[in-house]
Number of protein chains: 2
Amino acid sequence: MARTRSPVTYPEKRARLLEVAQRLFLKDGYEATSMSKLAEQASVAPNTLYWYFADKDALLVEVLNATLQRGMSEYLAYVEEPLEVQLGWLARVFEELRPLVSTVHARAPLSAPVSVWHANFHAFMEAQFVEQMRKRGISVERARPSARIATFVLEGLMSHECSAEERDTLIRTLVNALD
Amino acid sequence: MARTRSPVTYPEKRARLLEVAQRLFLKDGYEATSMSKLAEQASVAPNTLYWYFADKDALLVEVLNATLQRGMSEYLAYVEEPLEVQLGWLARVFEELRPLVSTVHARAPLSAPVSVWHANFHAFMEAQFVEQMRKRGISVERARPSARIATFVLEGLMSHECSAEERDTLIRTLVNALD
DNA sequence: ACCTGAACACCGTTCAAGT
DNA sequence: ACCTGAACACCGTTCAAGT
C-alpha cells in the first residue's frame, strides 16, 4: 500500500503529536499527562505513540528541546542588553517551562536522554553567562562560579511561584552582587 | 483482645515503618520505592501501611521532617560561625536529602501537605539567612532578596551532583558577593 | 509502513473479612 | 485495634494481528 500517498505524512503527524504533548505537558505537567490521555487528545490509540517516539521520556526531551530552542532563538536578540535585562528576559521565557523543571530533575536519574538534556542545559546556560561576563571584562575563572550561581537562581525562579516584582528584585540583587 | 499487650506498640511499629521508608526513600528515591517494596522490607502487607499513614505523600512529609529536624538540631551549634561555614555545613547536611528535592517540587502541586512542607522549608531557610545577615548589620529589606538567592543556591546544590571543591568555591563566591 | 485491541506487569489505594 | 487477601482503577509499554 502506498503510504506516501497518505493524507498526512509521517513527519507531519509526528509534529502534530508533539504539539499535543507540548500543550498537555506544559498545561497539566508530565506526571499528570498519561500516554492514554495524550493519545485521546490526538485521536489515536495509545500504543500508536510508540511508533513515533521511543517512550514517554523521549517525548519529554523533544518538548523540552522545542520550547528551549524557541526561547533561545529569541534570546539572541537580547545579547547586547545588560545582564539584568537578559536574565529577566530568560526568567520570563522559561516561565512556561516551570511545570517541567522538577520533572527533568526527577526523571534525569531514571532516563539517560533526560539526563543528557539536563547536563546540556546547564552547560549551555553557564557558557552563555560566562561569555557575557567575559565580554564585560571578567576573567573566565572568576566568571564560572558566578555563572553557576546565576543558573541555580534562574532554575530556582523557574521552579517556584514568584511574583514579577520579586523576580526583578532578585535579579537586580544578583547582578549587583556578581559584578 | 488486649492489643496493648502486643509485643510491639503502635508508636513503636509506626517508627519502625518510618525508618524503613526513610532508608529506602533516601537510597532509591521516592518514585522508585513502591508501597509494596516498602511493605516487603518492613515485613507487612502493603495495605498495612495505610493503617499508620494516610498515603504515600504523608510518609514523604514525615521522612522530610525527620531528616530536616535532625539536620537543623545540629545546625544550631553552628549559629556563631561565619556565613560561609554555615552554608557549607548546611549543604553537606542536606546532601542526603538530594534524592528527595526534585520529588518535593514534583509532588507539591499534587499534594497539599507536601506543598505546605515545601513552603515552610523555604520560609524557614530564608528566615535563618535573614537573621544571620541582620546580625551582621544588614537591614532586613536588603537581606531578604539575598536570603532567597542563598536558598535557591542551596537548593541548586542539593539537587545537582557537585564535587566538594566546586561546592565550596560556589559558596565562597556567593558569600563574597552578598556582603 | 502504519495502526490497533488485547494483554502484561506494575502502581497507589480501598474494602470486606479476619483476629 | 490491627492486619490481610483480593480487588479496583490506573499506569507505561509490548505484541500479535490487521490494513
Side-chain angles (χ1 to χ4, degrees), chain A residues 1-18 20-21 24-25 28-63 100 103-104 106-114, chain B residues 1-18 20-21 24-25 28-63 100 103-104 106-114:
Chain A
M1 207 183 193
R3 272 289 161 183
T4 41
R5 286 206 213 131
S6 166
V8 181
T9 66
Y10 180 95
E12 276 169 359
K13 182 150 190 183
R14 196 175 190 282
R16 247 183 29 94
L17 294 176
L18 209 52
V20 175
L24 291 187
F25 282 178
D28 303 329
Y30 178 81
E31 293 80 4
T33 304
S34 69
M35 294 297 265
S36 301
K37 200 184 290 183
L38 218 159
E40 194 189 359
Q41 287 287 313
S43 304
V44 294
N47 45 358
T48 297
L49 294 166
Y50 292 85
W51 181 259
Y52 294 89
F53 305 95
D55 52 26
K56 202 185 176 186
D57 287 310
L59 219 27
L60 172 63
V61 168
E62 297 236 29
V63 167
L100 295 184
T103 301
V104 169
R107 295 301 307 165
L110 307 172
S111 161
V114 175
Chain B
M1 207 183 195
R3 274 289 161 184
T4 41
R5 287 205 211 131
S6 165
V8 181
T9 66
Y10 181 95
E12 275 169 0
K13 182 149 188 184
R14 196 176 191 281
R16 248 184 27 94
L17 293 176
L18 210 52
V20 175
L24 291 186
F25 282 177
D28 303 330
Y30 178 80
E31 293 82 1
T33 304
S34 70
M35 294 297 266
S36 302
K37 200 185 290 182
L38 218 158
E40 193 189 358
Q41 287 287 314
S43 303
V44 294
N47 45 359
T48 296
L49 295 166
Y50 291 87
W51 181 259
Y52 294 89
F53 305 95
D55 51 27
K56 201 185 176 187
D57 287 310
L59 219 27
L60 172 62
V61 169
E62 297 237 30
V63 167
L100 294 183
T103 300
V104 169
R107 295 301 307 166
L110 307 172
S111 161
V114 176

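Here the structure is a predicted model, which is why all the values come from computation and not from measurement. Protein chains get the first letters and strands the later ones, always in sequence-line order, with residue 1 at the start of each. Heavy-atom basis, side chains included; hydrogens, waters and symmetry copies ignored.
One interatomic measurement links the two molecules: OH of A:Tyr52 to P of D:dG12, which rounds to 20 Å at whole-angstrom precision. Atom P of nucleotide D:dA6 and atom CE of B:Met35 are separated by 20 Å, given to the nearest angstrom. Straight-line distance from the CG atom of A:Leu38 to the P atom of D:dG12: 9 Å, rounded to whole Å. For the pair A:Arg16 CZ and C:dC3 P, the interatomic distance rounds to 10 Å; values are reported in whole Å. Rounded to whole angstrom, the span from the NZ atom of A:Lys13 across to the P atom of C:dA1 amounts to 16 Å. Note: OH (B:Tyr10) to C1' (D:dC3) measures 13 Å, nearest angstrom. The interatomic distance linking B:Lys56 (NZ) with C:dG12 (P) rounds to 4 Å, in whole Å. Atoms CG (B:Leu24) and P (C:dC11) sit 13 Å apart, rounded to a whole Å.
A:Ala39 and A:Pro46 make their closest contact through CB-CA, 3.5 Å (heavy atoms, listed as atom of the first residue, atom of the second, distance).
At least one side-chain heavy atom of B:Phe53 sits less than 4.5 Å from a side-chain heavy atom of B:Leu17. Two residues are said to be in side-chain contact when any heavy atoms from C-beta on lie closer than 4.5 Å; A:Leu110 and A:Arg107 meet this criterion. Here the side chains of B:Leu59 and B:Met35 are in contact, with some heavy-atom distance below 4.5 Å. You'll find the side chain of A:Glu31 stays beyond 4.5 Å of the side chain of B:Glu31, heavy atoms only.
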| Intra- and inter-strand pairs of DNA chain C in dot-bracket (Watson-Crick or G-U wobble, both distances under 3.5 Å; | for another strand) | ||.|||||...|||||.||
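Using a 4.0 Å heavy-atom distance criterion, B:Thr33 is classed as a sugar-phosphate-only contact. Counting non-hydrogen atoms under 4.0 angstrom, B:Ser34 reaches the backbone sugars and phosphates but no base.
A cation-pi arrangement is absent between A:Lys13 and A:Tyr52, since the terminal nitrogen or guanidinium carbon is not both under 6.0 Å from the aromatic centre and inside a 45° cone about the axis.
Taking for each of A:Ala54 and A:Lys37 the nucleotide of DNA chain D with the nearest heavy atom, the 5'-most of the two is the partner of A:Lys37.
Listed nucleotides D:dT4, C:dT13, D:dT13 differ in distance to A:Asp55; the shortest reach to its side chain belongs to D:dT13.
Using a 4.0 Å cut-off, no side-chain N or O of A:Trp51 falls inside it from OP1 or OP2 of C:dC3.
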| request: For A:Asp57 and A:Tyr30, run side-chain contact (heavy atoms from CB on, under 4.5 Å): C-alpha distance rounded to whole Å, both residues' side-chain angles, the deciding distance at 0.1 Å, then the answer. | output: CA-CA 9 Å; A:Asp57 287 310; A:Tyr30 178 81; 3.0 Å; yes
